[in-house]
Amino acid sequence: MSRRRWKLIRPTSLRNAMELCKEYAREVHNKGMQRIADEMGVTDHWTVYKWLQTARMPACMIRPYEQACGCDYVTRWIAASAGRLTIEIPSGRKCAAEDMQALQELLNTAVGKLMAFYAKNSEAEETLASIQTAMESLAWHRGNVSQSSNPQLDFGDQS
């Protein structure tokens, strides 16, 4: 079974976003719901399950949930449902060839999905997700270029 490409996944609903966070925590960080609830400060993990089932998590618990899971699908879905793009804050760092190849792949995928959609071979949801991903990547590169004259220190993960 191949691993998911988590950066390319876009939630389709609030409940789907919450489920994606839970699956990400399980697959990437090997965290179960009990551990997620503990890190959120929730005493009963069944409460978190209820929030997932009904898609009615209190707003003040969204960030703790995402931090416990290690991803931000709920925040991204909320922004996208309001017609907004979300990007990580660009640091002005130099981009490698792999970054350009990843951007090119996202743009080609988006154009391919558009062509398939207009030929009635692709669903609107997956076409919109592909376009959203490509637009966010382009917006990040735009911000990175404009930030390049005064780059930030890179305190992120050193690979």
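Since the structure is predicted, the reported quantities are computational estimates derived from the model, not experimental observations.
Listed by first then second residue, pairs satisfying salt bridge (charged side-chain N to carboxylate O under 4.0 Å, His left out) with a partner in residues 134-145 read Arg10-Glu136, not counting sequence neighbours.
Linking ILVMFWY side-chain heavy atoms closer than 4.5 Å, directly or via other members, places Ile87 and Val74 in two distinct hydrophobic clusters. Side-chain heavy atoms closer than 4.5 Å link hydrophobic residues (I, L, V, M, F, W, Y) into clusters, and following such links, even through other members, never connects Leu8 to Met135. Follow the hydrophobic side-chain contacts under 4.5 Å out from Ile131 and you reach Leu85 in the same cluster.
Closest approach of Ala17 and Trp77 over heavy atoms only: CB-CB, 3.9 Å. When all heavy atoms of Ala37 and Val48 are compared, the pair lying nearest together is CB-CG2, 3.9 Å.
Ring geometry for Tyr49 against His45 counts as perpendicular: the plane angle is over 60°, on a 0 to 90° scale with 30° as the lower cut.
For the pair Tyr65 (side chain) and Met18 (backbone), a donor-acceptor distance under 3.5 Å is present. For Ser137 (side chain) and Ala134 (main-chain N/O), no donor-acceptor pair under 3.5 Å exists by modelled atom type.
Legend: residues meeting side-chain contact (heavy atoms from CB on, under 4.5 Å) with His29, ordered by chain and number and at least two apart, are Tyr24, Lys31. With sequence neighbours left out, Glu125 forms a side-chain contact (heavy atoms from CB on, under 4.5 Å) with Thr12. With sequence neighbours left out, Ala80 forms a side-chain contact (heavy atoms from CB on, under 4.5 Å) with Gln132.
Note: Trp140 CH2 to Leu103 CG = 10.0 Å, rounded to the nearest 0.5 Å. Interatomic distance, Leu107 CG to Thr133 OG1, rounded to the nearest 0.5 Å: 11.0 Å. Distance check, rounded to the nearest 0.5 Å: SG of Cys69 to CD of Glu23 gives 10.5 Å. With rounding to the nearest 0.5 Å, the separation of CE in Met33 from CE in Met40 is 8.5 Å. The distance from the CG atom of Leu52 to the CG atom of Asn16 is 11.5 Å, given to the nearest 0.5 Å.
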Mind listing the side-chain donor-acceptor pairs of residues 54-64 below 3.5 Å, one per line with the distance, residues two or more places apart or on another chain?
from	atom 1	to	atom 2	distance (Å)
Thr54	OG1	Lys50	O	3.0
Thr54	OG1	Arg56	N	3.4
Arg63	NH1	Glu66	OE1	2.6

Atom pairs and distances, donor-acceptor, side-chain atoms in residues 109-122, under 3.5 Å, two or more places apart:
from	atom 1	to	atom 2	distance (Å)
Thr109	OG1	Glu105	O	2.8
Lys113	NZ	Glu126	OE2	2.6
Ser122	OG	Thr127	OG1	3.1

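Taking a 6.0 Å sphere around CG of Asp44, one finds it holds more than 12 heavy atoms contributed by other residues, nucleotides or ligands. With a 6.0 Å radius and a threshold of 12 heavy atoms from other residues, nucleotides or ligands, Gln34 has its CD atom above the threshold. A 6.0 Å sphere centred on CD of Glu123 holds no more than 12 heavy atoms belonging to other residues, nucleotides or ligands. Around CH2 of Trp6, the count of heavy atoms belonging to other residues, nucleotides or ligands within 6.0 Å exceeds 12.
With a 4.5 Å cut-off on side-chain heavy atoms, Lys22 and Glu19 count as touching. Between Val42 and Ile36 there is no side-chain heavy-atom pair separated by less than 4.5 Å.
For the side chain to side chain contact (heavy atoms under 4.5 Å, CB included) with Leu20, the lone residue among Arg15, Arg4, Arg76 that qualifies is Arg4.
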